[in-house]
Structures are given as structure tokens and as C-alpha cells.
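This report concerns only the one structure given below.
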Amino acid sequence: MSRIPVYATDWLNERFPFDAAARNGLVEQACLRALDDQKVLHLVDIGAGNGANPRYFLDRLSQNQSWTMVELDPLLGKAAIQELAAHGPRLGYKSSFLSDAELVLSKAEKTVHIRSICGSLLELDSHVDLNQTDLVLANAVFDLFSEEQFVHFCQKLLRHHTSFLSTLNYIGMSLSPNEADDKKIIALYESHMQRLQAFGRAMGTDGPAFIENWLATKTGKVVVGESIWGIGTEAEEMHRYLLGFMEEAIPELPLPAEQLADFRHWLDRKRQLSANQNLHISVNHKDIFFLPTTQ
């Protein structure tokens, strides 16, 4: 019997408070102001994971809401519905399941309808009606796209004059205390993100600049701001995940044995610092909001 990897859901839950703390307030406020006039919001969350965007915005949006979460993994989509059903009552909502992929949260005069569907993010207009969509959201998604995939995706939104908010787009990281090999190791990790794959090369750290520059040539308003994870010395579990991702990725590169050995020694030193609560990691991102306008 297939099931959702615990690894995926545990990681998404672990990162949630760091995402929430990092989101750029100016970018978020520009987005919320653009939605002020709508009485009912129709929102589409792509690469929805375990429902981080609906969870975050549930009480930050005063209006009634209709969310469609689009996720390639149907099991992860259903897990997101379960997560939101548990999260709603913490904020005073009543949870009512319509199915294992559809939920209604309600309190006082406010109703939030949430459904999860399985489908390709690149064929979004075949899954949802973009003419009826007020905002498309993507949290930590676009650095996994190639430039061509992003343009293909965004052109669909532009044809329908649909706004979008892209948060937590990775641009780099640093560790403290630092050492001479840090930049070299981080560069290897980032080169793994942009390795050649079947769909091309993911944008990785180049993504935010590419997105901002491409949108600047379109008719509309672009708002960009930094969003930074400050992962303190006490956050050993986050350290474990981030160092573990590096441990998985870097050995997949065509590196000489000596360089791999140096990397493993580096990893051991960082893990010891973390165990002694002496490691701090900063992960830098950018948030981007685009509001299209008609000429």
C-alpha cells in the first residue's frame, strides 16, 4: 500500500514557522491591498505541499475564500486537507469534510472552501478557471522550474490577467561560524540544483533575478523583497534537514574522491557545531508579487 513519505510531510511542517517568519511584509501587504475589493477570493496554490499557503493566509484574509491546491502527488494533497482540518479549529474554525480531498472551514460569517486536485503545474489552465482566479500562489516552487517552464507557466497567467505571489525563492545561504570551505561547499550544492535534467536546468539561485527581469518587461506592477530564514543555534532539527539535503545532493555530482572526502569532513564539523548549539544558518530568499494591468 502506497503512502506519503513521512520525510516529506515532516520537513514541510518543520519549515512552516521559518517560512512564516521570513515572508516579506511589504510584498505581502502589496498583495493584500490588491485583493481588498474582493468579497470572495478565489485562490489557486500551486505545488501546495501540505497546505502552507492556506494555513498562513487563513486569518490574514478577512474575506470568504475558495482555495484550490494543485499538487502532483495526490497523497500529499490529501495530507494537506488533513493538516488544514486540524489547523482550522486552532483558529476557531469548524472543520467539515466534503471528501478526503475537500474541506470547508467556517466561523461566524466567514467560510473557507478548500479542495486539493492532482495535476501538472505547467497545465494549470486545464485544471482551474484562471478567468475566475484572483491570485495564484507558489511557495518555494519556482527555483525548481527551468526558465522555459516559468515563461510557459506565466504566459498563461498573463493571458488571463491573473495576479501571482511567489514566496521563498532561494538565492543563497551562509553559515556561522564560517570557514574557508563554506562558499565552495554551498556552490556545489547550488550547482546540483541546476544540474541538467530531463526538463532542462532548474533556475535555482538565478530564478528570482530572471523572474523579476522577465516580469519587468510586462505590463503590470512588480514588488520584490527579501525573505530570510534565520535558523538559530537551538534549531537542531532544521540544521539536520539542511545538512542532510546537502549530504544527499553533493555526492551525486561528478567529484573526485578527495573532494568528496573533504565535503564529508566539513559535514561532520557542521553537525558537531549543531549538536553543541553553536551553528547558525541563514537561508536567503526573495518574495515576488506581480499585479498585471491592462493597457
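Remark: His285 pairs with Trp229 by the ring pair (Phe, Tyr, Trp, His ring centres under 6.0 Å) rule, at least two apart or across chains. Residues passing the ring pair (Phe, Tyr, Trp, His ring centres under 6.0 Å) test with Phe153 are Phe142, sequence neighbours excluded. The salt bridge (Lys or Arg N to Asp or Glu O under 4.0 Å) check on Arg55 picks up Glu83, with sequence neighbours excluded. Remark: Arg60 pairs with Glu28 by the salt bridge (Lys or Arg N to Asp or Glu O under 4.0 Å) rule, at least two apart or across chains.
By the neighbour-count criterion of 12 heavy atoms within 6.0 Å, atom NZ of Lys94 is sparsely surrounded, having that number or fewer from other residues, nucleotides or ligands. Other residues, nucleotides and ligands place no more than 12 heavy atoms under 6.0 Å from the NE2 atom of His265. The neighbour count for Glu252 CD, taken as heavy atoms of other residues, nucleotides or ligands under 6.0 Å away, is above 12. A 6.0 Å sphere centred on CD of Glu226 holds no more than 12 heavy atoms belonging to other residues, nucleotides or ligands.
Going from atom OG of Ser62 over to atom NZ of Lys110 covers 6.5 Å, rounded to the nearest 0.5 Å. Taken to the nearest 0.5 Å, the CG atom of Leu175 stands 10.0 Å off from the NE2 atom of His280. Separating the CZ atom in Phe289 from the CG atom in Leu137 is a distance of 9.5 Å, to the nearest 0.5 Å. Atoms OG1 and CG, on Thr68 and Asp45 in that order, are 9.5 Å from each other to the nearest 0.5 Å. To the nearest 0.5 Å, atoms CG (Leu291) and CG (Leu35) are separated by 9.0 Å. Atom OG of residue Ser274 and atom CD of residue Glu237 lie 9.5 Å apart, to the nearest 0.5 angstrom.
A continuous path of hydrophobic side-chain contacts links Ile185 to Leu267 [ILVMFWY only; heavy atoms under 4.5 Å]. Criterion: ILVMFWY side-chain heavy atoms under 4.5 Å apart, direct or through other members. Under it, Leu121 and Ile114 are not part of a common hydrophobic cluster.
Within the 4.5 Å cutoff, no side-chain heavy atoms of Val141 are placed close to those of Asn139. Side-chain contact between Leu41 and Asn64: absent, with no pair of heavy atoms (C-beta onward) separated by less than 4.5 Å. Tyr93 has its side chain out of reach of His87: every pair of non-hydrogen atoms, C-beta onward, lies at least 4.5 Å apart. The closest side-chain heavy-atom distance from Thr233 to Leu279 is not below 4.5 Å. Side-chain contact check for Phe290 versus Lys221: every heavy-atom pair is 4.5 Å or farther apart. Annotation: side chain of Phe245 is not in contact with side chain of Ile250 (no heavy-atom distance under 4.5 Å). Using a 4.5 Å cut-off on side-chain heavy atoms (C-beta onward), Trp67 and His113 make no contact. Counting heavy atoms from C-beta on, the side chains of Leu124 and Leu122 never come closer than 4.5 Å.
Between Ala30 and Val223, the shortest heavy-atom distance links the atoms CB-CG2, 3.9 Å. Of all the heavy atoms in Ile81 and Ser116, the pair that sits closest is CG1-CB, 4.0 Å. Closest heavy-atom contact between Ser174 and Ile186: CA-CD1, 4.3 Å. Here the shortest heavy-atom pairing between Ser95 and Leu103 reads CB-CD1, 4.1 Å. Smallest separation of non-hydrogen atoms from Thr162 and Val136: CG2-CG2, 3.9 Å. Smallest separation of non-hydrogen atoms from Ile171 and Thr205: O-CG2, 3.7 Å.
Grouped with Ile228 in a hydrophobic cluster is no other residue, since no side-chain heavy-atom contact under 4.5 Å to another Ile, Leu, Val, Met, Phe, Trp or Tyr is found.
Counting only distance, with no hydrogens or angles, the side chain of Thr133 and the backbone of Leu135 share no donor-acceptor pair below 3.5 Å. Side-chain atoms of Glu123 do not come within 3.5 Å of backbone N or O of Gly119 as any donor-acceptor pair. For Gln63 (side chain) and Val40 (main-chain N/O), no donor-acceptor pair under 3.5 Å exists by modelled atom type. No donor-acceptor distance shorter than 3.5 angstrom exists from the side chain of Glu71 to the backbone of Cys118, with no hydrogens or angles considered.
Using a 4.0 Å cut-off between charged nitrogen and carboxylate oxygen, Asp262 and Lys184 do not count as a salt-bridge pair. Using a cut-off of 4.0 Å between Lys/Arg side-chain N and Asp/Glu carboxylate O, Lys270 and Glu179 are scored as salt-bridged. Between Arg201 and Asp206 there is no salt bridge, since no side-chain N of the basic residue sits under 4.0 Å from a carboxylate O of the acidic one. In this structure, Glu247 pairs ionically with Arg271, as a charged nitrogen and a carboxylate oxygen lie closer than 4.0 Å.
Figure legend: Arg15 and Tyr241 shown without cation-pi pairing, the cationic atom not lying both under 6.0 angstrom from the six-membered ring centre and within 45 degrees of its axis.
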Can Leu43 and Ser66 be said to form a side chain to side chain contact (heavy atoms under 4.5 Å, CB included), step by step?
-> CA-CA 6 Å; Leu43 307 155; Ser66 177; over 6 Å; no
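Checked against Thr167 for a side-chain contact (heavy atoms from CB on, under 4.5 Å), the options Asn24, Asp287, Val27 give a single hit: Asp287.
Residue pairs meeting the side chain to side chain donor-acceptor pair (under 3.5 Å) criterion with at least one member in residues 209-218, sequence neighbours excluded, do not occur.
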